[in-house]
Number of protein chains: 2
Amino acid sequence: MTSRGSGEERGKMKGIRQLAEHLDISIGTVSRALNGKPDVNEETRKRVLEAAESLGYVANQSGRALRKGTTGVIGFMMQTGSEITGQGDTFFMSVFDGVQTVFARHKLDLVALLCSSQEDPNDYLKRVVARGFADGIILSATRRHDARFELLAKRKIPFITLGRSLTDVGQPWLDLDFEGMAEASIDRLVARGHKHIALTRPHDDMNLGYVFEDQCRATLARHGLRLDERHIFRSTPNEAGGYLIARELSALETRPTAIVLINEAITVGLYRGLVEAGIKPGRDMAIIGRQSPHSQFLSPRLTSFSLSLRDLGIALAESLLATMPAFADIYPARHARLLWPMALVPGESD
Amino acid sequence: MTSRGSGEERGKMKGIRQLAEHLDISIGTVSRALNGKPDVNEETRKRVLEAAESLGYVANQSGRALRKGTTGVIGFMMQTGSEITGQGDTFFMSVFDGVQTVFARHKLDLVALLCSSQEDPNDYLKRVVARGFADGIILSATRRHDARFELLAKRKIPFITLGRSLTDVGQPWLDLDFEGMAEASIDRLVARGHKHIALTRPHDDMNLGYVFEDQCRATLARHGLRLDERHIFRSTPNEAGGYLIARELSALETRPTAIVLINEAITVGLYRGLVEAGIKPGRDMAIIGRQSPHSQFLSPRLTSFSLSLRDLGIALAESLLATMPAFADIYPARHARLLWPMALVPGESD
DNA sequence: TTGGCTTCCGTAAACGTTTACGATACTATG
DNA sequence: CATAGTATCGTAAACGTTTACGGAAGCCAA
């Protein structure tokens, strides 16, 4: 009825119905045009697309999701509160950036599912998947035993984990190569004459702590050395935790001459604690850690393991999509279980 | 038909219909029971709740949202990529924690809406709101002119901003009291005899940079001092940016004797850069900054402005809810426009 | 008995999409 | 001209909820 006169330009764009009667065609055709279905005239498709653009129409998420059974959303679950994950904001932000470069090609949106520190992560995740919030899930901060895996497997939700666990339901995973880091660190320190080497690990039951400690122990054994149980330092993954480690360290009767830090968030605190105790990093105590935005600006510069977080995110996203039926034809059906290598960047701290 | 025998315990719980016929009552009653509507027998309500619990039923998000027109989700928009946000490692995680303590009381979920660095933030936000993703939005990293405000106002989406802007559509906001920080910093430094005071600000058009610079200039003027234009340092909000500032600083012919850092993420890099240039922080150059997980572990300890990020999150959440009709009866209709105070924590850097 | 309340529950209509199916007009072929 | 095939579009039924509405009891008072 109303021709292309732009009279009611900004009428309340309630939905596809308004758009359809504005164009004087049926809503079925409009939907097909917008979704790129084949049986629609190219001429009308163009009209529809232009009208949608100019009126700012975007398909309602709930309606579409209800009908299609798919949301176009991938959730990255993480826990809030400052002392939980041990990864800083910048860690995840960089990973997200990589993930999104992949998702953007498929009109998928990445959202961070924020589990409150007050709520049980299993309950939270159960709620999220039962509500049908996301088509796929990325899990991080995996624990030694992680019930979340079983939950997602039972519900048959496509997911991938950034981190391993003793709980294994056959899902794909990516994990940083903490074994490689442990081995290379110990080898390097031993080659430089160190015989008493300490390590840090998270205070809770994050899986990486076990992996790291075990490999350190094994590598030391290969060199005929033993890991002193008192040289295993558990801490909260933040600067305060690093500071406390330094204090414990300095109070020891038989002090190690080197320490390997699995977490990057404790470095500044550790440095400070050591200096206060009269132990100069790099001279009185060799330190090897993980690269962070700070590590190269500490003095002495931290010898650290680095990786491209963006590339990690890309791999994570592609491996997840490979498990999703809707994208099976695009991404090869590799079943990714990959240890992501880290490169040693020599500094002056060891 | 099937009585309470738990034979088909884990039948595929497709939806409320299965739950209803499992209980042999209508889906209408089930829905009312679950939603706490008054006109349902307490006895049957208990039966329904128990069955839902044991079968793991949770209402499908899309169906509910479609019918109710509300999603129960609040989105916190942030940009991904490492150099964008300009907040330190755990800034957002702590704020989220506060926000969630409020939301938990109302069965609201907080999700982070992650805008890719590849995508225009305005387009992204437009997409999100048109899809009807969230009932309310929290915006951060506000710019000098921020079209996102107008977009949300036009669509009548409840929102609040963490940060101000010249763009003002009458929405509530909270912001850190950068004026107070500037004034207290300058006063303190002037009282200690400094006459050449520098400052940092973001390299882009984040609003806080303008606010901060203006107030610094005004306070200096009050003391009869002038802000040297060459003593305004713009930088990316990360450690590398801080390092570059230090290099510029050291190359200056008339070097300032003090500097105030608006951003906490540049501190470690700045320290390093100064030391490399033979300028000892706290002795050759007074420094006042923002508290971060690192600031208290630097040497010398940073004199910094601190705040409770968790309390900030709580205030943010409550002020947002106060603007939402559904919660108008719970939260007083205050129209929050609040400068969040920061406390000066003396260190040894000034 | 009648009428009016109250309490509880079932019925069915939305909400905004997508899509299977059928209808129409047109073209090509015999 | 009749028929088959193709291109394009309209119709209506889903998807899983919530909720307005009405109906069926049960109770009490007139």
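Here is the naming used below: chain letters follow the sequence lines, and residue numbers restart at 1 for every chain. Computed from heavy atoms alone, side chains included, the values below leave out hydrogens, waters and symmetry copies.
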Do any pairs count as a ring pair (Phe, Tyr, Trp, His ring centres under 6.0 Å) and have a residue in residues 112-148 of chain B, sequence neighbours left out, and if so which ones? none
Angle between the end axes of the helix from C/dT1-D/dA30 to C/dG30-D/dC1, five pairs per end, to the nearest 10 degrees? 60°
Whole-Å distance separating the CD1 atom of A/Ile25 from the P atom of D/dG10: 6 Å
Mind jotting down which residue pairs meet the salt bridge (charged side-chain N to carboxylate O under 4.0 Å, His left out) criterion with at least one end in residues 57-75 of chain B? Sequence neighbours excluded, please. none
Under the ring pair (Phe, Tyr, Trp, His ring centres under 6.0 Å) test, which residues partner B/Phe327, sequence neighbours left out? B/His106
Distance-only check: which donor-acceptor pairs under 3.5 Å involve side-chain atoms of residues 309-316 of chain A, not counting sequence neighbours?
from	atom 1	to	atom 2	distance (Å)
A/Arg310	NE	A/Asp97	OD2	3.2
A/Asp311	OD2	A/Ser308	OG	3.1

A/Leu23 CG to D/dG10 C1', in whole Å, measures 15 Å
Spacing of CG belonging to A/Leu162 relative to OG belonging to A/Ser319, to within rounding of 0.5 Å: 11.0 Å
Looking at every strand, decide which applies to B/Ser62 at a 4.0 Å heavy-atom threshold: base, sugar-phosphate, or nothing. nothing
Report the residue (B/Ile27 or A/Leu66) whose heavy-atom-nearest nucleotide on DNA chain C is the more 5′ of the two. B/Ile27
What residues, two or more places apart in sequence or in another chain, satisfy salt bridge (Lys or Arg N to Asp or Glu O under 4.0 Å) together with B/Glu43? none
Please compare A/Thr44 and B/Leu34 by the position of their nearest nucleotide in DNA chain D and report the one closer to 5'. A/Thr44
Apply salt bridge (Lys or Arg N to Asp or Glu O under 4.0 Å) to A/Asp109 and list each qualifying residue two or more places apart in sequence or on a separate chain. B/Arg127, B/Arg131
Can you list everything that forms a salt bridge (Lys or Arg N to Asp or Glu O under 4.0 Å) with B/Arg164? Sequence neighbours excluded, please. B/Asp175, B/Glu179
First and last nucleotide of DNA chain C touching chain A, 5' to 3', heavy-atom cut-off 4.0 Å? C/dG16 to C/dA20
Hey, does A/Asp39 reach any base, or is it just sugar-phosphate, or nothing, if we go heavy atoms under 4.0 Å? base
Pick the nucleotide of DNA chain C nearest each of A/Asn60 and A/Arg32; which residue has the one closer to the 5' end? A/Asn60
